[in-house]
Amino acid sequence: MKGMVALITGGASGLGSTISEVLASKGCNIIINYNTSYEKAINLGAKLEEKYHIKVLTIKCDLSSEDEINNMVKKIKTNFSHVDYLINNAALCLDSLYGDKTKKNFMKTLEVNVVGTFLLSRLIGDLMYENKKGSIVNISSTNGINKYYPMTIDYDASKAAVNSLTHNLSLEYAPYVRVNAIAPGWVKTENEMKDLDLEYIKSEEEKIFLKRFAEEEEIAKIVSFLLSDDASYINNQIIIADGGTY
């Protein structure tokens, strides 16, 4: 993976920052997309450049805006001759009571998680196809497969759509670009943990065969594997990483 170029959306914080670091440790040059996490993006970029002697580009982009996505890809083309890996990690989750859900919030979730993923995948996927190589990994969720939380019904629907995108993109960009998704269950990220009380965490852990939430690095390592040549014959798959659940 040394010398490859990886674009990670939402790459400045949480799972995205861990994915950025794991790929940087493999020698990848990193493009960190962020929307609101400016300081985290700048600090992470400086850290990765110093620690791993790679090139890092940080770009602000709201993935619900097609214009901003187009501008981000233009900046990437100016700085790099190619993109080898795309990790669609950024996602919006607006937890609220089912009865409080609004069309505005539902549509915002779909714009970021589904439409933004589609638009960016099309632009970067076209570049990869022209170069006849590349790999895309979408970060989905078990919420889009077999976990049901009415408080996140909009997020859950978006992740089911991401799984469908994965299948269609893998067909569209065959045979040169592999497209897979990872569907984690609970991951011990700052965003996921901050609003959960201890009793709820324990009740959710009891449903998991391994009796714990995933560490961010465990998911990031699956991303790294799927992008690598070691996974050269894995395509069109939704990899469930939930520790085993009932």
Side-chain angles (χ1 to χ4, degrees), residues 8-10 14-16 19 33 35 62-66 69 86-125 135-174 177-189 191-192 195-196 204 207-209 213-214 216 218-220 222-223 226-227 231 234-246:
I8 304 99
T9 65
L15 177 60
I19 294 171
N33 155 249
N35 186 24
D62 179 353
L63 293 172
S64 68
S65 168
E66 185 171 10
I69 291 173
L86 169 61
I87 302 88
N88 287 306
N89 165 75
L92 187 64
C93 185
L94 302 173
D95 289 12
S96 64
L97 294 174
Y98 174 78
D100 293 335
K101 293 289 181 184
T102 65
K103 178 181 177 180
K104 180 180 179 181
N105 286 345
F106 208 112
M107 294 304 296
K108 182 69 172 179
T109 300
L110 295 180
E111 285 174 357
V112 173
N113 299 4
V114 184
V115 182
T117 295
F118 159 67
L119 292 172
L120 184 58
S121 295
R122 183 172 64 181
L123 291 171
I124 299 299
S135 183
I136 298 173
V137 172
N138 296 322
I139 304 300
S140 181
S141 171
T142 53
N143 286 41
I145 301 174
N146 57 12
K147 298 292 182 296
Y148 314 112
Y149 299 99
M151 289 183 67
T152 58
I153 192 169
D154 39 2
Y155 174 83
D156 299 359
S158 75
K159 290 305 183 179
V162 166
N163 293 338
S164 179
L165 279 178
T166 300
H167 297 312
N168 279 288
L169 291 170
S170 67
L171 174 60
E172 177 65 23
Y173 290 119
V177 181
R178 294 184 300 107
V179 186
N180 294 288
I182 301 170
W186 285 106
V187 182
K188 201 183 296 181
T189 67
N191 286 339
E192 283 198 9
D195 296 324
L196 303 179
E204 289 297 302
K207 301 173 185 177
I208 302 171
F209 292 175
F213 290 1
E216 290 178 357
E218 291 178 297
I219 305 303
I222 302 173
V223 174
L226 287 175
L227 295 173
I234 298 178
N235 192 30
N236 188 30
Q237 299 301 307
I238 313 296
I239 309 297
I240 295 176
D242 63 359
T245 58
Y246 292 100

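Please read all numbers here as calculations on a predicted model, not as lab measurements.
- Under the 3.5 Å distance criterion, with hydrogens and angles disregarded, a donor-acceptor pair is assigned to the side chains of Thr245 and Lys147.
- The side chain to side chain donor-acceptor pair (under 3.5 Å) analysis of residues 110-124, with sequence neighbours excluded, yields the pairs Asn88-Ser121, Asn113-Ser158.
- Between atom OG of residue Ser164 and atom CG of residue Leu169 there is a gap of 9.0 Å, rounded to the nearest 0.5 Å.
- Counting heavy atoms from C-beta outward, Leu94 and Tyr155 have side chains that stay 4.5 Å or more apart.
- Asp242 places a side-chain N or O within donor-acceptor distance of the main-chain N or O of Gly244, the cut-off being under 3.5 Å.
- With a 4.5 Å cut-off on side-chain heavy atoms, Leu86 and Val137 do not count as touching.
- For the pair Thr109 (side chain) and Asp154 (backbone), a donor-acceptor distance under 3.5 Å is absent.
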Worked verdict on Asn33 versus Ile8 for side-chain contact (heavy atoms from CB on, under 4.5 Å): CA-CA 6 Å; Asn33 155 249; Ile8 304 99; over 6 Å; no
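- No side-chain heavy atom of Ser96 sits under 4.5 Å from any side-chain heavy atom of Met151.
- Thr152 and Asp95 are not linked by any side-chain donor-acceptor pair at a separation below 3.5 angstrom, with hydrogens and angles left out of the test.
- The SG atom of Cys93 sits 9.0 Å away from the NZ atom of Lys159 when rounded to the nearest 0.5 Å.
- Of all non-hydrogen atoms in Ile208 and Gly243, the two that sit nearest each other are CG2-O, 3.8 Å.
- Smallest separation of non-hydrogen atoms from Leu15 and Ala220: CD1-N, 4.3 Å.
- With sequence neighbours excluded, the residues that form a ring-ring contact (aromatic ring centres under 6.0 Å, His included) with Phe213 are Trp186.
- Nearest heavy atom pair, residue Ala181 against residue Thr166, reads CB-OG1, 3.5 Å.
- Interatomic distance, NZ of Lys103 versus NZ of Lys108, reported as 15.0 Å (0.5 Å rounding).
- Nearest heavy-atom pair across Ala90 and Leu63 is CB-CD1, 3.6 Å.
- Counted by atom type alone, Ser65 and Asp62 present zero donor-acceptor pairs between their side chains at under 3.5 Å.
- Proximity of a side-chain donor or acceptor of Ser141 to a complementary backbone N or O of Ala183 within less than 3.5 Å is not detected.
- Val177 places a side-chain heavy atom less than 4.5 Å from the side chain of Ile136.
- Closest approach of Ala157 and Phe106 over heavy atoms only: CB-CZ, 4.3 Å.
- Arg178 places a side-chain N or O within donor-acceptor distance of the main-chain N or O of Leu226, the cut-off being under 3.5 Å.
- One distance of note links CD1 of Ile87 with CD1 of Ile139; it measures 8.0 Å at 0.5 Å rounding.
- At distances below 3.5 Å, not a single donor-acceptor pair connects side-chain atoms of Asp156 with backbone N or O atoms of Gly144.
- No donor-acceptor pair closer than 3.5 Å links the side chain of Glu218 to the backbone N or O of Glu216.
- Taken from OH in Tyr148 to CD1 in Ile153, the straight-line distance is 12.0 Å, to the nearest 0.5 Å.
- Here CG of Leu227 is found 12.0 Å from CD1 of Ile222. Values are rounded to the nearest 0.5 Å.
- Scored by the side chain to side chain donor-acceptor pair (under 3.5 Å) test, Asn236 finds His167, Ser170 as partners (sequence neighbours excluded).
- Put simply, the side chain of Asn180 gets close to the backbone of Ile234: a donor and an acceptor are under 3.5 Å apart.
- Contact record, Ile219 with Ala214: CD1-CB, 4.2 Å, taken as the closest heavy-atom pair.
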